[in-house]
Amino acid sequence: MNEPADDADGIRAAVREHLLSDVLVGEDPENLTDDLPLRTSGVIDSMGVIRLTGFLEARFSIRIEAHETGVENTDTVDAIVSFVESKLAG
Amino acid sequence: MELTEDIIRLQREVEAFARERLGGSGVERDREGVFWRDGWTACGEAGILGIPVPTACGGRGAGLLATIVAMETLGRNVDDLGLLFALNAHLWAGVIPIVRFGSETQRRRWLPTLLDGRSVAGHGATEPDAGSDVFSMTTSARRDGEDWILDGTKSFVANGPVADVLIVYATTDPALGEAGIASFLVPRETPGLSCSPPLDKAGLRSAPSGTVSMEGCRIPADGLLAKPGDGAACFNCSMEWERGAILAMHVGRMEKQLDDAIRFARERRQFGRPIGAFQSVANRIVDMKIRIETSRPLVHRIGRLKDEGRQAMMEAAIAKLHVSEAAVQSSLDAVQIMGSRGYLREGLVERDLRDALGARIYSGTNEMQRVLVARLLGLPSSLPARGPGDRPA
């Protein structure tokens with residue numbers, strides 16, 4: 001299967017797939033809305049963020065610094081997508 | 001993998017410095033629990049504190065692998081591991097968070113004196129009821145106009161009794177859990193801040209740790225290091241670097257123990273021959289050598305990964321776990337090989353054992369390192385899972 005493109009839709013699909021398979025195992029995908037608070041509601045803790053950033057680094061060939069992994073960039077699917085887009089834009 | 005010429009040159013420089021400026025057993029400092037201020041100042045003057053710091057921030061820009069090799073060299077050549085522990089706490093829990101999370105203003109204010117040895121940084125994360133579960137901290141930070149007001153108690157604050165500035169973690173909203181954590185730069189002279197005398201520890205006795213109390217400590221806006229929501233990332237960043245590098249001194253120490261054990265086993269004669277001729281002694285020495293050879297690549301790997309800008313959280317946890325256990329076992333072996341001499345304070349290896357025991361606890365207990373590795377391998381958390389339906393209203 002081809003990997004999704006690195007545009008916003010492709011990034012969103014990859015992020016959703018990672019979250020549903022790594023953190024929200026067995027969860028109805030429809031419950032993972034793009035604005036669902038992930039960090040501030042405790043769905044993902046800091047170890048989950050490290051796994052998420054490791055996935056994003058490998059999938060999109062980007063380098064993510066520690067100071068970029070706060071709530072601002074990782075609290076929702078929307079925020080994660082915007083963050084990855086900004087990294088890809090260089 | 002081979003070390004670069006630059007790192008080998010640094011290694012020689014640090015070895016020469018240690019022999020010239022950091023000699024002596026430090027037995028009295030260990031007995032009395034006294035911080036080696038002159039040794040600290042010498043390290044600052046020699047540029048030891050600037051090795052991992054980018055040149056743009058006033059450091060030597062040599063990277064983490066170079067720093068790890070330097071710490072290894074110090075561990076081999078300096079008997080006062082308490083001083084080396086204090087240096088590491090200062091670097092990884094104080095300096096690096098300022099480098100990675102600090103503003104230009106904060107870097108300009110704090111880094112010059114933290115790098116040249118005039119100032120000491122302390123680390124306030126652990127609390128009486130928040131140790132391994134560090135993000136359950138109750139030290140609070142609330143806004144008052146532009147300022148922040150800190151209230152709470154931090155325990156086992158590394159360098160606390162001698163620190164000029166403390167990196168303090170606090171919750172800005174307990175309902176947010178770790179997403180509500182922020183970190184602050186708290187000057188020692190802040191009204192409302194007090195620190196206990198050094199705690200009476202079993203080992204690393206010349207590295208002063210204390211209990212810091214904050215009652216209505218007013219911190220101006222420019223004292224906020226990691227904003228609310230970034231505090232956990234700041235803490236994990238410092239622990240990733242610390243776990244990688246702080247154990248390097250124990251690798252160096254294990255080498256020193258090995259050299260001493262071999263010398264002793266060749267010179268000490270019983271039953272008409274050197275005790276090293278007996279397999280029960282020789283096998284211990286072989287195991288000491290194996291521990292060094294399995295430990296060094298683990299810590300060097302972290303240096304290489306971080307120097308490439310890559311994550312090393314799992315590798316750091318593995319190294320911390322392995323090297324600290326190796327250091328304890330090799331210290332036990334060294335004591336046993338030297339017999340009654342190893343049991344005396346003047347023999348130094350009993351102090352190595354007390355110092356090594358701390359390594360299984362500081363920077364996160366070894367039990368917690370296993371939890372981290374399990375989580376980073378993708379195993380489920382032991383904490384109750386929270387799904388989309390569990391979010392607070």
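Model, not experiment: these values are computed from the prediction. Within every chain, numbering begins at 1; the chains are lettered A, B, ... in the order of the sequence lines, protein sequences first and strands thereafter. Note: hydrogens, waters and symmetry copies are ignored here, and every other heavy atom, side chains too, is used.
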message = For B/Arg301, is the CZ atom crowded, meaning more than 12 foreign heavy atoms sit under 6.0 Å from it?
response = no
ask   = Looking only at heavy atoms, what is the nearest atom pair of B/Ala179 and A/Val71, with distance?
value = CB-CG2, 3.6 Å
message = Within the supplied structure, the quantity of interest is the number of heavy atoms (other residues, nucleotides, ligands) at a distance under 6.0 Å from B/Phe156 CZ; does it exceed 12?
response = no
note = Listed by number, the residues in residues 80-90 of chain A that come under 4.5 Å of chain B (heavy atom to heavy atom) are none
key: Under 4.5 Å from any heavy atom of chain A - which part of B/Leu377   = backbone
inquiry  = Show, in sequence, the C-alpha distance, side-chain angles and deciding distance for B/Lys227 and A/Glu72, and conclude whether the side chain to side chain contact (heavy atoms under 4.5 Å, CB included) test is met.
reply    = CA-CA 10 Å; B/Lys227 66 181 185 293; A/Glu72 193 174 301; 3.0 Å; yes
inquiry  = Nearest 0.5 Å, please: how far is OG1 in A/Thr53 from CD in B/Gln311?
reply    = 4.0 Å
remark   = Applying a strict 4.5 Å limit to non-hydrogen atoms, the region of A/Thr74 in contact with chain B is neither
remark   = dist B/Glu178:CD -> A/Thr40:OG1 (nearest 0.5 Å) comes out at 11.5 Å
ask   = More than 12 foreign heavy atoms under 6.0 Å from CG of B/Asp147: is that the case here?
value = yes
Per-residue contacts, residues 231-240 of chain B versus chain A, heavy atoms under 4.5 Å = B/Ala232, B/Ala233, B/Asn236, B/Cys237
query = Does A/Arg51 reach the side chain of B/Arg375, with side-chain heavy atoms less than 4.5 Å apart?
reply = no
remark   = Filtered by a 4.5 Å non-hydrogen cutoff, the part of residues 62-69 of chain A contacting chain B is A/Arg63, A/Glu65, A/Ala66, A/His67, A/Thr69
key: Those residues that, when tested against B/Arg304, pass side-chain hydrogen bond (donor to acceptor under 3.5 Å, both in side chains) (two or more places apart)   = none
